[in-house]
Each structure stands twice: as structure tokens, then as C-alpha cells.
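I have placed the structure first, in the form of C-alpha cells, so that the comments after it can refer back to it.
Counting convention: from 1, in listed order, for ligands and their atoms alike. Computed over heavy atoms, backbone and side chain alike; hydrogens, waters and symmetry mates excluded.
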Amino acid sequence: MTTMNRRNFIATLGIAGSAALLAGCSNDTAEQEPAADDAAESTDEASYTLVKEGVLTNVAELGFSPFEYIDDEGTTVGFDVDLSNAIAEKMGLTCEWLPNQAFDTLVPTIQQGGKADICIAGMTITDERLESVDFSDPYLNSNQALIVAASSDATTESLNAAEVQIACQTGTTGDEWIQENLPNATRVPLADVTAGMMGVSTGSYQAMVIDLPVAQNMLAQSFSDLKVLEEIPTGEQYGIAVSKDNPELLAAVNDALAQIEEDGTMDEIKQKWFGTTEI
Ligand code: GLN
């Protein structure tokens, strides 16, 4: 058994089973590796806790296409879904998603523990969130987009006025960007991204600020009457949120992520959802 396979195998067994397995593995590899090393490594790999045995339980806001959304058959799909399935597979686990939750409840849910092991939700690593949860290594770069009606002659400057309503998803980095950069505008925080775009489409709101890859995807799929007025180079990075009480899980997720980058799985998933690996 290779080191990697042994690690995955041990991780599936959890704490209770690891001691028994360790004995077997040590016999296999006694000639290559000292027993003490094996013991240290196995303790590391097996010591994380999961909400449900054998399952990596995810929580996300499920209206963030193409990262996580519910398709016409009612199945949760997207880039993050494929990524978390791949991570779970590397860890010898299966993957489950909790029902949709508002974006601004996700960090508190992970922080409190007991419901979900990870949050993979197109979530930007920020200093403020790092006070409450840990993040994996970054897995994707992102920026913001300012969206207006295709027919609009607004400029970014003209949107900074009290009579202008600008939608965003509550508690997101887009929400924060409006507060910092268009402080005179009337910000409209919403739970649902599609509701925001619909509002811009019907003229209830004059603009929306949302992650650029989501703007590009949703405009191409469903909102041809909207345009990206400005790409805002915020230089964000998405990470997977994990409880600060579960550092061994964070290490295992990072290990799986590194394997996924290394073996080409990440490029496959990028190609599938974005038609390019350059994202
Ligand atoms: N990346 C943005 C953030 O972290 C938006 C995420 C989302 O709406 N799912 O705030």
C-alpha cells in the first residue's frame, strides 16, 4: 500500500479503527519506514472529527451558479460540488450537502460546529472571516463585477447617489465593496442572487455587485438584458471554511486539495465548468 493510499484508508476508519489498521500497515511497510513515523502520521490523519461518520458534510448557499446551484432535476451541481466530491474521494469519504442556507449564516454555522464539516461556497478568504473560521489553501481566484441593464448609460461614478439602488448578496464581499466604494448609493442586501439580477432586469434596482465568474455565467445563461459595467479587480481567493476546532480536518482537506491540483483533477473541473483552465 502506498503512503497516500494508506492515509486515505486510515482516514476512512476514524479514530476507533485506526489503531487496529496501523498494526496491519506497519507490517506491510516495516522495512521502508520506522514504526514511530507511521504512528505519528496515522494519528494526524485519523484524528479529525466528522458530523457524520464516513461523510464530508457541506453547507452552502445554493444559488451561486456555476459554483453551487440546483439544476432542473433538483440535484445540487456545480464547480464546488465536483471539487468537494473529489476532495471527499481523496479522503475516502462520500459527500453530502445540507439544504440551502443564506450566505451570511455559513461562517456562523461552521464556527458553531455540529451541522457541517466544511463550507465550500465560492467563499472569499477574508481577515474578518478568519477570526471565526479557518480556511483551506486558496482554490480559485475571483474578482467582483458591477452589473447594470444592457441599455443603461450609468457610469460607476453616477451610481454613487442616494436615489440609486444597488443590489448585492447579504454579507458578501460585494456587499462590502458597495459600502466602501459607493457609500452614497442605497444598498439593497438580498438573500438571493437571482432576485437581485431580476430586480436590475425589471428596473427595481439600477445595479448589482456580485462575483465576476457568477456574473459572467448568469448573464450568459439567463440575463442577456444585463451587462457588466465594470470588472472590479478585488483580487479575491476562494477557500474552504473549516471549524477552528478541527485543525486535522483542515490539514486533510489541504492534503486532498494538493493532490487534486497535482493529478490534473482541478484542471478537469475548471475545464468542465469554465471551458478553460486559466481561471
Ligand atoms: N465570494 C463572495 C464572498 O465570499 C460571494 C460568495 C457567495 O455569494 N456565495 O463574499
Practice task
Tell me which one of L140, T173, L62 gets a heavy atom nearest to atom 10 (O) of ligand 1.
Solution key: T173
Practice task
Verify whether one side chain among T173 and Q144 offers a donor that lies under 3.5 Å from an acceptor in the other.
Solution key: yes
Handout entry: Pairing of R129 and D134 as salt bridge, 4.0 angstrom limit
Key = no
Problem - For D211, the ligand 1 atoms whose distance to one of its heavy atoms is below 4.0 Å - result: 1 (N), 2 (C), 5 (C)
Completion exercise
One finds that the ligand 1 atoms under 4.0 Å from a non-hydrogen atom of A121 are 6 (C), 7 (C), 9 (N)
Handout entry: Proximity winner for atom 4 (O) of ligand 1, if only heavy atoms of E176, R129, Q144, Q237 are counted
Key = R129
Problem - Under 3.5 Å side-chain donor-acceptor pair for Q271 and D267 - result: no
Practice task
For Y139 and L257, run side-chain contact (heavy atoms from CB on, under 4.5 Å): C-alpha distance rounded to whole Å, both residues' side-chain angles, the deciding distance at 0.1 Å, then the answer.
Solution key: CA-CA 8 Å; Y139 68 87; L257 206 49; 4.3 Å; yes
Exercise for the section: Closest by any non-hydrogen atom to atom 8 (O) of ligand 1: pick that one out of E61, M123, Q169, E236. Expected result: Q169
Practice task
Could you tell me whether the side chain of D211 reaches within less than 4.5 Å of the side chain of N143, counting heavy atoms only?
Solution key: no
Exercise for the section: Decide whether an N or O pair under 3.5 Å exists between G122 and ligand 1. Expected result: yes
Handout entry: Intermediate values then yes/no, side-chain hydrogen bond (donor to acceptor under 3.5 Å, both in side chains), N85 and E89
Key = CA-CA 6 Å; N85 280 333; E89 199 183 314; over 6 Å; no
Handout entry: Y238: numbered ligand 1 atoms lying under 4.0 Å from its heavy atoms
Key = 1 (N)
